[in-house]
Amino acid sequence: NFTLPSNDPALHIGVVAVGGAGNALLARYRHQLPGQPRAIALNTNAFGLARSGADVTIQVGESFTQVRDPHTVRFLSQRVRPQLAEALSGLDLVFIIGAMGGAAGSGIAPMVAETSREQGLLTVAGAILPFALEGPRRRQIAEAAFKALARRTDICVALDNQCFADCAGEETLSATLAHAPAAFLALYQSIWGALGSEPRIALDPADLRHLFSGGAGKVSMGFSSTDDQAFDGLLPRALAHPLFGDTTLANAKALLLCIQAPPSALKMRQVRKWVCALEAKATEATFFWNVTVNPENDSKTALTVLARAHR
């Protein structure tokens, strides 16, 4: 279920941020993305593009008044496909981040995924879904856009703000808004750790694509971390994450456990305990796991679980 690391050249990674929320997330969190990814931003709004800090910026349409409707944006986005294809050239792995529900993110993201897959790139997406208080129309647009995006990606995770709101309790608004970016960072770091950061136990990109192919589209994700080697609560917290459904493990077709840990902290018996616990609950799943060793100065241990359900 795993391959040992090889001496292949480094994995070439791209992050494509779409729409206003995606551009803003890129500008704020790019410095936290390991692997020196190539940053690409697409938007209908030139101002948002200018603030994204991306290496490559691509404007869709010529004026904001032209592109208020997602269907119009999707049509206009076809015109910039050659520019995007050139920007993606030479990459191996592409992450897409954007908010669904508005015109730009909903209209552009599926085109980005389609272009990436056409070039044979492993394509992973984090799609931010709106809060219920943003209205049923926005939610309807977001869900349709998510389905279109999921059909065109290898892994597509719904970063659902309403799931975070349902668990917010007395949490501040700023804290609630920070959950979706944190989930995308965990998704990025786990996949990057499994494929591109000299992991101790590694995955091949083709294995990862095969593992999650042919599912229902949506991939559920849970993650947790600790700085004090309190390992016993890590897996239960990951499985209790708002983005991880109650019946996900029982219905899982594919399951991936990504472990990141300091070199001196993690013992084989602890890994075995986590793996056995997941295998006991996900009896029908094809199961992969990997371990990435942190730099000496990073004391954090983190678990990320990705699961795709049967149709």
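We use all heavy atoms of the structure for the numbers below, so side chains are in, but hydrogens, waters and symmetry mates are not. Just so it is clear, the model here is predicted, and its values are computed rather than measured.
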Visitor: Return the minimal non-hydrogen interatomic distance between Arg152 and Pro110, and the atom names on each side.
Guide: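 Taking Arg152 first and Pro110 second, the nearest heavy atoms are CD-O, 3.3 Å.
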
Visitor: State the OG-CG distance between Ser299 and Asp227, to the nearest 0.5 angstrom.
Guide: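 Spacing of OG (Ser299) from CG (Asp227) equals 4.5 Å.
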
Visitor: Under 4.5 Å between any side-chain heavy atoms of Leu159 and Leu129, yes or no?
Guide: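 Not in contact.
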
Visitor: Taking the side chain as every heavy atom from C-beta outward, state whether Val305 and Leu256 have any atom pair closer than 4.5 Å.
Guide: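 No; the side chains remain at least 4.5 Å from each other.
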
Visitor: Could you grab the distance from atom OG of Ser106 to atom CG of Asp69, nearest 0.5 Å is fine?
Guide: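 Result: 10.0 Å between the selected atoms.
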
Visitor: Ignoring hydrogens, what is the shortest heavy-atom contact between Pro181 and Tyr29? Give both atom names and the distance.
Guide: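 Closest pair (atom of Pro181, atom of Tyr29, distance): CB-CE1, 3.5 Å.
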
Visitor: Does any part of the side chain of Met221, heavy atoms only, come nearer than 4.5 Å to the side chain of Leu187, both counted from C-beta?
Guide: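 In contact.
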
Visitor: When rounded to the nearest 0.5 angstrom, what distance separates CG in Leu234 from CZ in Phe223?
Guide: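 CZ of Phe223 is found 12.5 Å from CG of Leu234.
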
Visitor: Is the backbone of Gly19 close enough, under 3.5 Å, to the side chain of Asn45 for a donor and an acceptor to pair up by distance?
Guide: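 Checked: no pair found.
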
Visitor: List for me each residue that meets salt bridge (charged side-chain N to carboxylate O under 4.0 Å, His left out) alongside Glu86, sequence neighbours excluded, and say none if there are none.
Guide: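 Checked Glu86 against salt bridge (charged side-chain N to carboxylate O under 4.0 Å, His left out); zero matches.
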
Visitor: For a quick test of reading the model, state the closest non-hydrogen atom pair linking Leu49 to Ala41 and the distance between them.
Guide: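 Scanning both residues, the minimum pair turns out to be CD2-O, 3.5 Å.
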
Visitor: Measuring only between side-chain heavy atoms, which start at C-beta, is Phe146 closer than 4.5 Å to Arg151?
Guide: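 The answer is no, as the side chains (C-beta and beyond) never meet within the 4.5 Å cut-off.
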
Visitor: List the steps and the verdict of side chain to side chain contact (heavy atoms under 4.5 Å, CB included) for Leu249 and Leu239.
Guide: CA-CA 9 Å; Leu249 283 179; Leu239 299 181; 3.7 Å; yes

Visitor: Compare all side-chain heavy atoms of Ser225 with those of Thr301 and state whether any distance is below 4.5 angstrom.
Guide: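 They are not in contact (no side-chain heavy atoms under 4.5 Å apart), so the answer is no.
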
Visitor: Stepwise, does the side chain to side chain contact (heavy atoms under 4.5 Å, CB included) test hold for Phe288 with Asp207?
Guide: CA-CA 9 Å; Phe288 280 69; Asp207 288 336; 4.1 Å; yes

Visitor: Look up atom CG in Asn161 and atom OG1 in Thr176, then write down how far apart they are to the nearest 0.5 Å.
Guide: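 If we round to the nearest 0.5 Å, Asn161:CG and Thr176:OG1 are 8.5 Å apart.
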
Visitor: Does either side chain, that of Gln36 or that of His12, offer a donor lying less than 3.5 Å from an acceptor on the other one?
Guide: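 On atom types as modelled, these side chains do not qualify, holding no pair under 3.5 Å.
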
Visitor: Between Ser224 and Arg237, which heavy-atom pair has the shortest distance, and what is it?
Guide: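 In terms of heavy atoms, the two residues are closest at CB-CB, 3.8 Å.
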
Visitor: Could you check whether atom CZ of Arg28 has more than 12 heavy atoms from other residues, nucleotides or ligands sitting under 6.0 Å from it?
Guide: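 Incorrect, the count does not exceed 12.
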
Visitor: Go through Leu235 and Leu278 one step at a time and tell me if the side chain to side chain contact (heavy atoms under 4.5 Å, CB included) criterion holds.
Guide: CA-CA 9 Å; Leu235 185 59; Leu278 288 172; 4.1 Å; yes

Visitor: Main chain of Leu121, side chain of Arg209: is a donor-acceptor contact present, judged purely on distance under 3.5 Å?
Guide: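 Flag set: sc Arg209 to bb Leu121 pair under 3.5 Å.
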
Visitor: For residues 81-120, which residue pairs qualify under ring-ring contact (aromatic ring centres under 6.0 Å, His included), counting only residues two or more places apart or in two chains?
Guide: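 Checked against ring-ring contact (aromatic ring centres under 6.0 Å, His included) - neighbours excluded - the pairs reaching residues 81-120 are Phe95-Tyr188.
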
Visitor: Under the rule for salt bridge (charged side-chain N to carboxylate O under 4.0 Å, His left out), what residues qualify as partners of Asp55, not counting sequence neighbours?
Guide: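 So Asp55 forms a salt bridge (charged side-chain N to carboxylate O under 4.0 Å, His left out) with Arg30.
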
Visitor: Ile191 and Leu243: same hydrophobic cluster, using ILVMFWY side-chain contacts below 4.5 Å?
Guide: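 Yes, Ile191 connects to Leu243 through the hydrophobic network.
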
Visitor: Are Arg139 and Asp160 ion-paired here, with the side-chain N under 4.0 Å from a carboxylate O?
Guide: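 Salt bridge present between Arg139 and Asp160.
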
Visitor: Would you call Leu42 and Leu84 a side-chain contact if the rule is heavy atoms closer than 4.5 Å?
Guide: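 Yes - at least one pair of side-chain heavy atoms lies under 4.5 Å apart.
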
Visitor: Do you know the tightest heavy-atom contact between Gln189 and Gln32?
Guide: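 Nearest heavy atoms, Gln189 then Gln32: NE2-O, 3.5 Å.
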
Visitor: So, taking the atom named CG in Leu255 and the one named OG1 in Thr286, what distance separates them when rounded to the nearest 0.5 Å?
Guide: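 Answer for the CG-OG1 pair, Leu255 versus Thr286, is 9.5 Å.
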
Visitor: Enter the distance from Leu306:CG to Cys258:SG here, rounded to the nearest 0.5 Å.
Guide: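 Here the interatomic distance stands at 6.0 Å.
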
Visitor: Does a salt bridge link Glu143 with Lys147, judged by any charged N lying under 4.0 Å from a carboxylate O?
Guide: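 Here Glu143 does not pair with Lys147 in a salt bridge, since their nearest N and O are not under 4.0 Å apart.
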
Visitor: Under the rule for salt bridge (charged side-chain N to carboxylate O under 4.0 Å, His left out), what residues qualify as partners of Arg74, not counting sequence neighbours?
Guide: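 In terms of salt bridge (charged side-chain N to carboxylate O under 4.0 Å, His left out), with neighbours along the sequence ignored, Arg74 is linked to no residue.
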
Visitor: What's in the same ILVMFWY side-chain cluster as Ile141, cut-off under 4.5 Å, chained through other members?
Guide: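 Under the 4.5 Å side-chain rule, Ile141 groups with nothing.
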
Visitor: Any side-chain heavy atom of Asp154 sitting closer than 4.5 Å to one from Arg117?
Guide: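 With C-beta onward as the side chain, the pair touches.
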
Visitor: Side chain to side chain contact (heavy atoms under 4.5 Å, CB included), that's the test. Do Gln270 and Asp232 meet it? Break it down for me.
Guide: CA-CA 9 Å; Gln270 182 61 63; Asp232 287 344; 4.0 Å; yes

Visitor: Regarding Thr292 and Gln260, is there a side-chain donor-to-acceptor distance under 3.5 Å anywhere?
Guide: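 Looking only at side-chain atoms, Gln260 and Thr292 do not form any donor-acceptor pair under 3.5 Å.
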
Visitor: What are the two closest non-hydrogen atoms of Ala87 and Leu91, and how far apart are they?
Guide: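 Ala87 and Leu91 have their closest heavy atoms at O-CD1, 4.4 Å.
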
Visitor: Do Leu88 and Ser116 have side-chain heavy atoms sitting under 4.5 Å apart?
Guide: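 Leu88 reaches Ser116 side chain to side chain.
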
Visitor: Run through Val293, Asn290, Val275, Leu266 and flag the one making a side-chain contact (heavy atoms from CB on, under 4.5 Å) with Ile259.
Guide: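 Of the listed options, the one satisfying the test is Leu266.
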
Visitor: Show which residues join Phe131 in its hydrophobic cluster (side-chain heavy-atom contacts under 4.5 Å, direct or indirect), or state none.
Guide: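 Once heavy-atom contacts under 4.5 Å are chained together, Phe131 belongs with Leu133, Leu173, Leu177.
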
Visitor: Are Arg81 and Glu118 within salt-bridge range, i.e. N to O under 4.0 Å?
Guide: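 Yes, this pair counts.
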
